Amino acid sequence: MTTIPEYDIARSAACPLDPAPAMRARQEEGPLTRVRLWDGTMAWLVTSHAEHRAVLAHPRVSVEPARGLPRLSAVEAAAMEAMAAREDGEGGISFILMDDPEHARLRRMVTGAFTVRRVEAMRPATQRIADDLVDAMLAGPKPVDLVEAFSLPLPSLVISNLLGVPYDDHEFFQANSRTIINRDSSAEVRGQAQYALGAYLYTLLGEKVDKPGDDLLSGLAERIAAGELSQQEATQMGVLMLFAGHETTANMITLGTLALLRQPDQADALRKGDDPQVAAAVEELLRYLTITHGGLRRVALEDIEIGGQVIRAGEGILAVNEVANRDPAVFPDPDRLDVGRNARSHVTFGYGVHQCLGQSLARMELQVAYPTLLRRIPSLALAAEVEQIPFKHDGFVYGAYELPVTW
Ligand code: HEM
């Protein structure tokens with residue numbers, strides 16, 4: 001009898017920017033393999049690029065916790081149970097955990113704010129934010145923690161402006177977002193964080209119903225006033241966009257800077273690149289780093305066939321971005337960071353109907369962030385050994401808590 005290996009996303013300390021060795025081993029065994037989760041249940045691990053996309057595009061897979069998504073730890077299982085038990089969805093995080101048609105109904109209400117054209121209009125303001133942050137870094141003492149000084153405030157300021165959330169409250173929403181995204185947050189603590197953000201946005205939305213401005217939450221407030229959306233639904237959408245909108249991009253800025261500072265030839269290519277070259281480099285960094293790690297969760301609603309393998313109704317699925325992005329059939333020499341390659345088909349933003357709503361925004365922010373840092377601070381360097389950097393092994397999103405830099 002063959003033993004089923006355990007689900008294991010521990011990265012090796014020697015290569016913290018590479019996928020976990022256990023995930024690589026599963027990928028070598030085949031595109032779909034079974035793993036045993038912490039509670040003895042099984043899930044399918046999808047590790048090749050083609051099958052990864054096929055499963056996420058399949059109309060008969062679900063993302064709803066109540067349908068039996070794989071649970072990756074005891075604390076998380078309790079959090080999901082609590083979420084699934086609430087019929088009104090209170091405490092949930094909106095359409096990222098809903099199937100169509102509800103998912104599509106809600107998502108459609110906000111897609112207009114994230115089109116390439118709308119995002120491009122935000123580029124000059126984003127550039128100003130990046131320049132101001134670099135000015136402050138250069139005027140202050142060194143070394144400095146890049147997360148605190150640059151990676152976190154940049155996307156936080158951008159998403160606050162877009163949503164119409166006062167940036168003065170950033171410590172409150174950053175701390176609560178961190179709690180939501182931490183795998184080890186207990187159901188109670190995560191619930192409190194979601195509740196706190198929810199209560200805050202609920203009040204803000206109420207104010208915008210009375211006095212709308214020119215921002216995304218005001219757009220939702222108008223829909224509340226028109227009876228198209230409940231204040232509760234709008235609140236959950238606000239929570240989703242607020243936390244998805246800055247933690248992810250902040251981690252990409254931090255890890256991308258780390259990767260570039262460790263490979264000066266790649267940093268140099270990006271520093272000297274024109275706009276299309278910078279855009280290509282950003283795609284490669286998204287592929288290489290794949291901060292959305294550990295597997296996007298799904299559950300089969302009926303028996304489906306993926307890559308010649310039948311997944312039975314009710315079985316859990318983990319579509320593992322970080323190894324699909326290192327599939328040698330699609331990305332030759334996949335473990336090499338090569339900012340000159342065409343990495344556009346990476347799956348860091350997911351695939352199918354739930355593909356990241358904010359991807360154009362994230363791309364634009366990263367296209368501003370890396371060249372601004374590298375061009376304005378040409379001598380930028382790490383001020384710590386890689387072994388000393390505290391990586392976010394506990395998060396749904398990979399990153400680093402701190403990155404000391406100097407110049
Ligand atoms: C580099 C930064 C980012 C990465 C790597 C990323 C990654 C992802 C991934 C993988 C998903 C799909 C989840 C799934 O299929 O289960 C997703 C969904 C989502 N992302 Fe992002 N994201 C980023 C930035 C942003 C930003 C800036 C926003 C701004 C609001 C955002 C908002 C969302 C939303 C609302 C969803 C849910 C989409 C849906 O369910 O239809 N993300 N993101």
Side-chain angles (χ1 to χ4, degrees), residues 46 52-53 55-58 61-65 69-70 92-115 118-119 122 126 151-152 154-165 173 177 180-181 215-217 220 236-256 282-283 285-299 317-322 324-325 346-370 395-399:
V46 185
H52 180 282
R53 282 183 162 194
V55 83
L56 291 181
H58 202 288
V61 301
S62 170
V63 285
E64 296 196 351
L69 287 185
I93 40 174
S94 194
F95 55 87
I96 196 165
L97 291 179
M98 289 178 187
D99 294 340
D100 284 345
E102 263 307 86
H103 160 264
R105 179 179 80 87
L106 296 175
R107 178 169 167 137
R108 244 195 324 266
M109 292 187 187
V110 283
T111 44
F114 295 94
T115 59
R118 293 287 285 275
V119 164
M122 294 164 68
T126 307
S151 310
L152 202 47
L154 182 124
S156 257
L157 275 158
V158 171
I159 196 75
S160 309
N161 290 344
L162 177 66
L163 291 177
V165 169
F173 62 73
S177 301
I180 295 175
I181 226 157
D215 52 60
L216 203 156
L217 289 184
L220 293 182
Q236 288 167 12
M237 288 163 80
V239 171
L240 170 60
M241 288 181 285
L242 188 56
F243 92 78
H246 69 272
E247 262 289 325
T248 44
T249 313
N251 285 314
M252 259 312 291
I253 295 175
T254 305
L255 291 192
V282 165
E283 296 312 309
L285 286 162
L286 284 161
R287 177 197 76 85
Y288 179 75
L289 297 165
T290 318
I291 56 162
T292 44
H293 73 158
L296 298 179
R297 272 169 286 192
R298 299 295 189 265
V299 55
I317 304 165
L318 294 161
V320 191
N321 286 357
E322 68 271 32
N325 275 340
H346 67 75
V347 290
T348 305
F349 291 119
Y351 195 69
V353 291
H354 287 279
Q355 200 182 41
C356 181
L357 172 73
Q359 58 185 288
S360 300
L361 180 61
R363 287 191 162 104
M364 182 276 283
E365 292 178 274
L366 298 174
Q367 289 162 9
V368 168
Y370 301 129
F396 288 113
V397 176
Y398 192 55

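Whatever order the structure lists them in is the order used to number ligands and atoms, beginning at 1. These figures come from a predicted structure and were not determined experimentally.
Side-chain contact between H354 and V63 is present, with heavy atoms from C-beta onward closer than 4.5 Å. A heavy-atom distance below 4.5 Å is found between the side chains of E283 and R363. In this structure the side chain of M109 reaches within 4.5 angstrom of the side chain of M237, judged on heavy atoms. Annotation: side chain of S94 is not in contact with side chain of V239 (no heavy-atom distance under 4.5 Å). T249 is listed as a side-chain neighbour of E365, based on a closest heavy-atom distance under 4.5 Å. The side-chain heavy atoms of F349 and L286, taken from C-beta on, include a pair separated by under 4.5 Å. No side-chain heavy atom of L285 sits under 4.5 Å from any side-chain heavy atom of L366.
Counting only heavy atoms of the protein, atom 1 (C) of ligand 1 lies nearest to M252 CG, 3.6 Å. Closest to atom 15 (O) of ligand 1 among all protein heavy atoms lies R298 NH2, 2.7 Å. H354 O, 3.4 Å is the protein heavy atom nearest to atom 12 (C) of ligand 1.
Interface atoms of ligand 1 facing R107, defined by a heavy-atom separation under 4.0 Å, are 38 (C), 39 (C), 41 (O). The V353 neighbourhood of ligand 1 comprises atoms 41 (O), with distances under 4.0 Å to a heavy atom of that residue. Taking every non-hydrogen atom of F114 and a distance limit under 4.0 Å, the qualifying atoms of ligand 1 come out as 29 (C), 30 (C). The atoms of ligand 1 that sit less than 4.0 Å from any heavy atom of T249 are 2 (C), 27 (C). Against a heavy-atom cut-off of under 4.0 Å, L240 is close to the following atoms of ligand 1: 35 (C). Here is the list of ligand 1 atoms found below 4.0 Å of a heavy atom in T348: 5 (C), 7 (C), 10 (C).
Within the structure, the closest approach of V158 to ligand 1 does not fall below 4.0 Å when heavy atoms are considered. The shortest heavy-atom distance from H103 to ligand 1 is under 4.0 Å. At a 4.0 Å cut-off, not a single heavy atom of Y351 sits close enough to ligand 1 to count as contact.
When V347, N325, V320 are each tested for a side chain to side chain contact (heavy atoms under 4.5 Å, CB included) with H52, only one passes: V347. Applying side chain to side chain contact (heavy atoms under 4.5 Å, CB included) to E322 and the options T290, I291, T292 leaves one that passes, T290.
The heavy-atom pair separating T254 from S151 by the smallest distance is OG1-OG, 2.9 Å.
Counting non-hydrogen atoms of neighbouring residues, nucleotides and ligands closer than 6.0 angstrom, the CZ atom of R118 reaches no more than 12 such neighbours.
In this structure, Q367 contributes its side chain and V282 its backbone to no donor-acceptor pair below 3.5 Å.
The tally of protein N/O/S atoms under 2.8 Å from atom 21 (Fe) of ligand 1 stands at 1.
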